[in-house]
Amino acid sequence: MVQSMVDRQGSYPRVPLEKDTVTLSIIQSNATPMTGPETAAETISTNLAHVTGMIEKACAAENKPDILLLHEFPLTGYLPGKRE
């Protein structure tokens with residue numbers, strides 16, 4: 001017999017949240033884009049160092065974040081290009 005997580009009324013077992021307030025920090029920064037496979041390791045290393053510094057700065061703030069949100073492609077950078 002398969003046990004259902006949701007009962008017939010649509011409810012399910014719950015537990016209290018660990019805390020009532022959650023602090024988010026949003027990191028929006030520049031990322032160096034990769035120009036090709038030959039620069040991938042160096043570019044990722046540079047971007048990782050930059051992002052790590054931003055994360056450390058956010059975590060050193062008075063209101064320490066519970067969740068960090070990063071922009072898209074923080075390690076590889078965005079590569080604009082044509083479809084073909």
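Counting from 1, the numbers follow the sequence of the chain as shown.
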Tell me which donor-acceptor pairs under 3.5 Å the side chains of residues 13-21 have, and how far apart each pair is, sequence neighbours excluded?
from  : atom 1 : to    : atom 2 : distance (Å)
Lys19 : NZ     : Asp66 : OD1    : 2.7
Lys19 : NZ     : Asp66 : OD2    : 3.0

Only pairs under 3.5 Å count here: list side-chain donor-acceptor contacts from residues 24-35, not counting sequence neighbours, and write none if there are none.
from  : atom 1 : to    : atom 2 : distance (Å)
Ser29 : OG     : His50 : NE2    : 3.4
Ser29 : OG     : His71 : NE2    : 3.2
Thr35 : OG1    : Thr39 : OG1    : 3.1

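For residues 35-57, the set of pairs meeting the salt bridge (charged side-chain N to carboxylate O under 4.0 Å, His left out) definition, not counting sequence neighbours, is empty.
Connection of Leu69 to Ile55 is not established within any shared hydrophobic cluster, with ILVMFWY side chains joined at heavy-atom distances below 4.5 Å, either directly or through further cluster members.
Across every non-hydrogen atom of Ala58 and Leu68, the tightest pair is CB-CD2, 3.9 Å. Minimum heavy-atom separation, Leu48 to Leu75: CA-CD2, 3.7 Å.
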